Participant: 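Take this structure first; my questions come after.
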Amino acid sequence: QVQLVESGGGLVQAGDSLRLSCAASGRTFGRYAMGWFRQAPGKEREFVAVISWVGRTTTYADSVKGRFTISRDNVKNTVYLQMNTLKPEDTAVYYCAAAQTSRVVTGEADFASWGQGTQVTVSS
């Protein structure tokens, strides 16, 4: 497994942009599909985006498609989530997760390693 540490969260206004980073430990980072999930207050955690281990395939939740971009740097062992045109409904704790698979997966159960989360708050 890998250890994951997220950063980059904060308080922004609607329409602003924010970039989250997730630093991973371990020499096999390139063998993990990496995903972002989020959990808003009072709601279940939900899938946001995932990127394949070589970065050629990405999948997004409909709610963020066209606004968020997931990317990865396998040299720096880091995955990013660029969030543009943020909305108040994007307010949540954002979690980075790793799945040791070559497939693009979107279910929580597919991801064995999780970060501690970073808070994103979007004011209207």
Side-chain angles (χ1 to χ4, degrees):
Q1 293 188 354
V2 294
Q3 284 72 52
L4 306 172
V5 179
E6 303 97 334
S7 61
L11 172 63
V12 297
Q13 293 186 335
D16 285 351
S17 297
L18 206 58
R19 189 177 81 157
L20 305 182
S21 299
C22 173
S25 65
R27 293 178 290 179
T28 58
F29 175 74
R31 295 184 180 180
Y32 287 81
M34 298 298 299
W36 286 95
F37 290 75
R38 67 185 182 185
Q39 187 168 21
K43 295 187 178 181
E44 294 186 352
R45 188 157 55 185
E46 64 176 1
F47 166 76
V48 175
V50 63
I51 187 167
S52 62
W53 60 7
V54 295
R56 291 175 182 168
T57 304
T58 57
T59 299
Y60 297 91
D62 289 342
S63 58
V64 306
K65 202 172 294 183
R67 299 188 298 122
F68 290 12
T69 302
I70 188 171
S71 61
R72 66 188 296 162
D73 185 331
N74 285 353
V75 174
K76 295 182 178 179
N77 280 12
T78 301
V79 63
Y80 306 96
L81 186 67
Q82 177 67 43
M83 305 185 294
N84 298 330
T85 319
L86 283 161
K87 305 175 181 179
E89 51 263 44
D90 294 319
T91 295
V93 176
Y94 283 72
Y95 297 90
C96 174
Q100 195 167 13
T101 177
S102 61
R103 298 179 296 115
V104 172
V105 292
T106 62
E108 281 192 53
D110 296 313
F111 293 83
S113 300
W114 293 81
Q116 82 289 348
T118 185
Q119 176 71 47
V120 172
T121 303
V122 184
S123 64
S124 58

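Worth saying up front: this structure is predicted, and the values here are computed from it rather than measured.
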Participant: Looking at every heavy atom in both A49 and Y60, which two are closest together, and how far apart are they?
Facilitator: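 Reported closest heavy-atom pair: CB-CD2, 3.6 Å.
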Participant: Following the transitive rule for hydrophobic clusters with a side-chain heavy-atom cut-off under 4.5 Å over Ile, Leu, Val, Met, Phe, Trp and Tyr, establish whether V12 and L20 coincide in one cluster.
Facilitator: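 Yes.
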Participant: Please report the shortest heavy-atom distance between A14 and P88, naming the atom on each side.
Facilitator: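 Looking at all heavy atoms of both residues, the shortest contact is CB-CD, 4.1 Å.
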Participant: I'd like to know whether S63 forms a side-chain contact (heavy atoms from CB on, under 4.5 Å) with R38, so could you lay out the CA-CA distance, the side-chain angles of the two residues, the decisive distance to 0.1 Å, and finally the verdict.
Facilitator: CA-CA 12 Å; S63 58; R38 67 185 182 185; 3.4 Å; yes
Participant: Determine whether a donor-acceptor pair (N or O, by modelled atom type, separation under 3.5 Å) exists between the side chain of E6 and the backbone of Q116.
Facilitator: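 Yes; at least one donor-acceptor contact below 3.5 Å.
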Participant: Do you know the tightest heavy-atom contact between A33 and F111?
Facilitator: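 Residues A33 and F111, closest heavy atoms: O-CE2, 4.1 Å.
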Participant: Minimum heavy-atom separation for A24 to L4, with atom names?
Facilitator: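 Closest heavy-atom pair between A24 and L4: CB-CD2, 3.6 Å.
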Participant: Could you tell me whether K65 atom NZ has more than 12 heavy atoms of other residues or ligands within 6.0 Å of it?
Facilitator: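 Result for NZ/K65: enclosed.
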Participant: If you compare all heavy atoms of R72 against all heavy atoms of S52, which two are closest, and at what distance to 0.1 Å?
Facilitator: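 In terms of heavy atoms, the two residues are closest at NH1-O, 2.9 Å.
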Participant: Below 4.5 Å, heavy atoms only, C-beta onward: do W53 and T101 meet side chain to side chain?
Facilitator: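 Counting from C-beta outward, W53 and T101 never come under 4.5 Å.
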Participant: According to the interplanar angle, ranging from 0 to 90°, do the rings of W114 and F37 count as parallel (below 30°), tilted (30 to 60°) or perpendicular (above 60°)?
Facilitator: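 The arrangement is tilted - the two ring planes meet at 30° to 60°.
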Participant: I need the Q13 CD to S124 OG distance, nearest 0.5 Å.
Facilitator: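 Nearest 0.5 Å value for the CD-OG distance: 9.0 Å.
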Participant: Step by step, would you call M83 with V64 a side-chain contact (heavy atoms from CB on, under 4.5 Å)?
Facilitator: CA-CA 8 Å; M83 305 185 294; V64 306; over 6 Å; no
Participant: Side chains of F68 and L86, heavy atoms from C-beta outward: is any pair under 4.5 Å?
Facilitator: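 The answer is yes; the side chains approach within 4.5 Å.
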Participant: Y80 versus C22: any side-chain heavy-atom pair under 4.5 Å?
Facilitator: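 With C-beta onward as the side chain, the pair stays apart.
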Participant: Please determine whether residues Y94 and F47 belong to a single hydrophobic cluster, defined as Ile, Leu, Val, Met, Phe, Trp and Tyr linked transitively by side-chain heavy-atom distances below 4.5 Å.
Facilitator: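 Y94 does not cluster with F47.
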Participant: With a sphere of 6.0 Å drawn around CZ of R67, does it hold more than 12 non-hydrogen atoms of other residues, nucleotides or ligands?
Facilitator: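 Enclosed.
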Participant: Which heavy atom of V105 sits nearest a heavy atom of V50, and at what distance?
Facilitator: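 In this case the closest contact between V105 and V50 is O-CG2, 3.4 Å.
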Participant: Going by the salt bridge (charged side-chain N to carboxylate O under 4.0 Å, His left out) test, which pairs reach into residues 98-117, not counting sequence neighbours?
Facilitator: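 Listed once each, the pairs are R45-E108.
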Participant: Under a 4.5 Å side-chain heavy-atom rule over Ile, Leu, Val, Met, Phe, Trp and Tyr, are W36 and Y32 clustered together?
Facilitator: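 W36 and Y32: one cluster.
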Participant: Could you go step by step and tell me if I70 and V79 meet the side-chain contact (heavy atoms from CB on, under 4.5 Å) rule?
Facilitator: CA-CA 7 Å; I70 188 171; V79 63; 3.9 Å; yes
Participant: Would you mind reporting whether T91 and Q119 have side-chain heavy atoms less than 4.5 Å apart?
Facilitator: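 Touching, per the 4.5 Å side-chain cut-off.
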Participant: Please report the interatomic distance OG1(T57) to CD1(I51), rounded to the nearest 0.5 Å.
Facilitator: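 T57 OG1 to I51 CD1: 8.5 Å, rounded to 0.5 Å.
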Participant: Take Q3 and S25 through the side-chain hydrogen bond (donor to acceptor under 3.5 Å, both in side chains) test and state the conclusion after the steps.
Facilitator: CA-CA 5 Å; Q3 284 72 52; S25 65; 2.9 Å; yes
Participant: Look up atom CG in D90 and atom OG1 in T121, then write down how far apart they are to the nearest 0.5 Å.
Facilitator: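 If we round to the nearest 0.5 Å, D90:CG and T121:OG1 are 11.0 Å apart.
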Participant: Linking I/L/V/M/F/W/Y whenever their side-chain heavy atoms sit closer than 4.5 Å, directly or via other members, would L18 and M34 fall into one cluster?
Facilitator: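 Same cluster.
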